[in-house]
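To start, the structure under review is shown below, and the notes come after it.
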Amino acid sequence: MTKAEGTATPPPPIVPWMEFQNQEMWEKALHLGRKVLWKGKTCIQRPGDDVTGIFLIREGVIKVSATSAEGVQRTLWFMGPGSILGEAALFAGQRNTHHIDAVEDCVAYEFSRSNVVDRLLVDHPDLGEALLTNLATKSYIMSTQVEESTFLSAHRRICRFLYGLCLSRNSPQISLSHSVIAELLGLHRVTVSNAIGDLKRRGLLEERGHDLVVADIGAIASLINSDI
DNA sequence: GCATTAATTCTGT
DNA sequence: ACAGAATTAATGC
């Protein structure tokens, strides 16, 4: 608790969107990796694929999702620059279990298992810590989603998501469609459309082109803890 | 390069 | 489930 007590600023909501700005620490290790490019809207990995290393995402955004046998998709989280893909499977000795798609053109660096274990972790404790931070973030995203989906109303979850995304991305602009948000939160698309329409009517949200812009972040924040 | 059409996606009821 | 608006892709000139 670094801040004063009186005005207890609640911790920012955990949202299923990973992104880390301090990427400088990775510069010293990039030579150990292999640069890879992923074209937008293409598949990166499917369930069952062998995991031979980890990927540091430097540019672009990818989507991690689970798919039922019938083909229904449930997005688990998005990953942006500074986040690491594949470390959970690598350390658990598991094959990949999710669908991973590039939603836009991406630049990443792949580090082999041996380079991670013998070089990164040994020579660069800060990178080891970054790996743990990445892993812990995924863990919190999943537990928070379970928690919110069982205890919170759809309306509140949408407000939490919009608010948390603004804070973590440090931008009021949200360029996600209603159906993408619905898949991410496990809600019906129409539920998301109605809730967002409601927030727009109240002036808390605005539409800029095809994007949403949070106009009154304070009001959205207050809605997180009070329904309707 | 530009204009039309066809297809697909997005939103609000 | 459906309709209108808005994008995007494809085609022809």
Side-chain angles (χ1 to χ4, degrees), chain A residues 13-19 36-47 57-81 83 85 98-108 141-142 144-145 148-149 152-228:
Chain A
I14 292 169
V15 292
W17 187 295
M18 306 180 54
E19 202 169 300
V36 293
L37 304 176
W38 295 316
K39 193 90 180 68
K41 292 200 68 176
T42 61
C43 178
I44 297 171
Q45 281 184 21
R46 329 184 121 275
I57 297 163
R58 300 221 94 206
E59 295 172 30
V61 175
I62 68 174
K63 183 180 81 172
V64 178
S65 59
T67 308
S68 73
E70 298 81 42
V72 183
Q73 294 246 323
R74 169 66 206 269
T75 305
L76 298 176
W77 60 75
F78 283 89
M79 301 177 75
S83 57
L85 172 69
H98 301 131
H99 275 276
I100 301 168
D101 302 284
V103 305
E104 57 189 44
D105 290 354
C106 296
V107 179
I141 285 173
M142 294 320 295
T144 301
Q145 283 301 305
E148 294 186 358
S149 69
L152 297 185
S153 68
H155 200 95
R156 230 186 261 195
R157 291 176 62 204
I158 291 165
C159 287
R160 282 182 81 88
F161 175 69
L162 295 175
Y163 177 60
L165 195 57
C166 278
L167 293 187
S168 71
R169 304 203 67 205
N170 204 25
S171 157
Q173 188 142 359
I174 294 169
S175 48
L176 299 173
S177 72
H178 298 179
S179 65
V180 169
I181 295 173
E183 283 175 13
L184 195 44
L185 300 183
L187 299 170
H188 190 63
R189 198 273 300 167
V190 174
T191 305
V192 175
S193 289
N194 288 339
I196 286 178
D198 187 49
L199 293 174
K200 276 189 205 161
R201 250 169 267 122
R202 296 206 236 164
L204 308 193
L205 267 184
E206 283 170 11
E207 197 156 5
R208 185 186 297 168
H210 239 187
D211 295 350
L212 293 172
V213 177
V214 175
D216 190 341
I217 194 164
I220 295 239
S222 68
L223 281 185
I224 288 175
N225 298 312
S226 65
D227 242 331
I228 308 176

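Note that this is a predicted model, so its numbers are computed, not measured. Chain A is the first sequence line, chain B the second, and so forth, proteins listed ahead of strands; every chain is numbered from 1.
If you take CD on Glu148(A) and OG on Ser153(A), they are separated by 10.5 Å, rounding to the nearest 0.5 Å.
Residue pairs meeting the side-chain hydrogen bond (donor to acceptor under 3.5 Å, both in side chains) criterion with at least one member in residues 184-195 of chain A, sequence neighbours excluded: His178(A)-Ser193(A), Arg189(A)-Ser193(A).
Side chains of Ile174(A) and Leu205(A) form no contact here, defined as non-hydrogen atoms less than 4.5 Å apart.
A distance-only check finds a donor-acceptor pair linking the side chain of Arg74(A) to the backbone of Leu184(A) [under 3.5 Å].
Residues forming a salt bridge (Lys or Arg N to Asp or Glu O under 4.0 Å) with Arg208(A) (at least two apart in sequence, or on another chain): none.
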What nitrogen or oxygen pairs link the protein and nucleotides 9-13 of chain B at under 3.5 Å?
residue, atom, partner, partner atom, Å
dT11(B), OP2, His178(A), N, 2.9
dG12(B), OP1, Lys200(A), NZ, 3.2
dG12(B), N7, Arg189(A), NH1, 3.1
dG12(B), O6, Arg189(A), NH2, 2.7

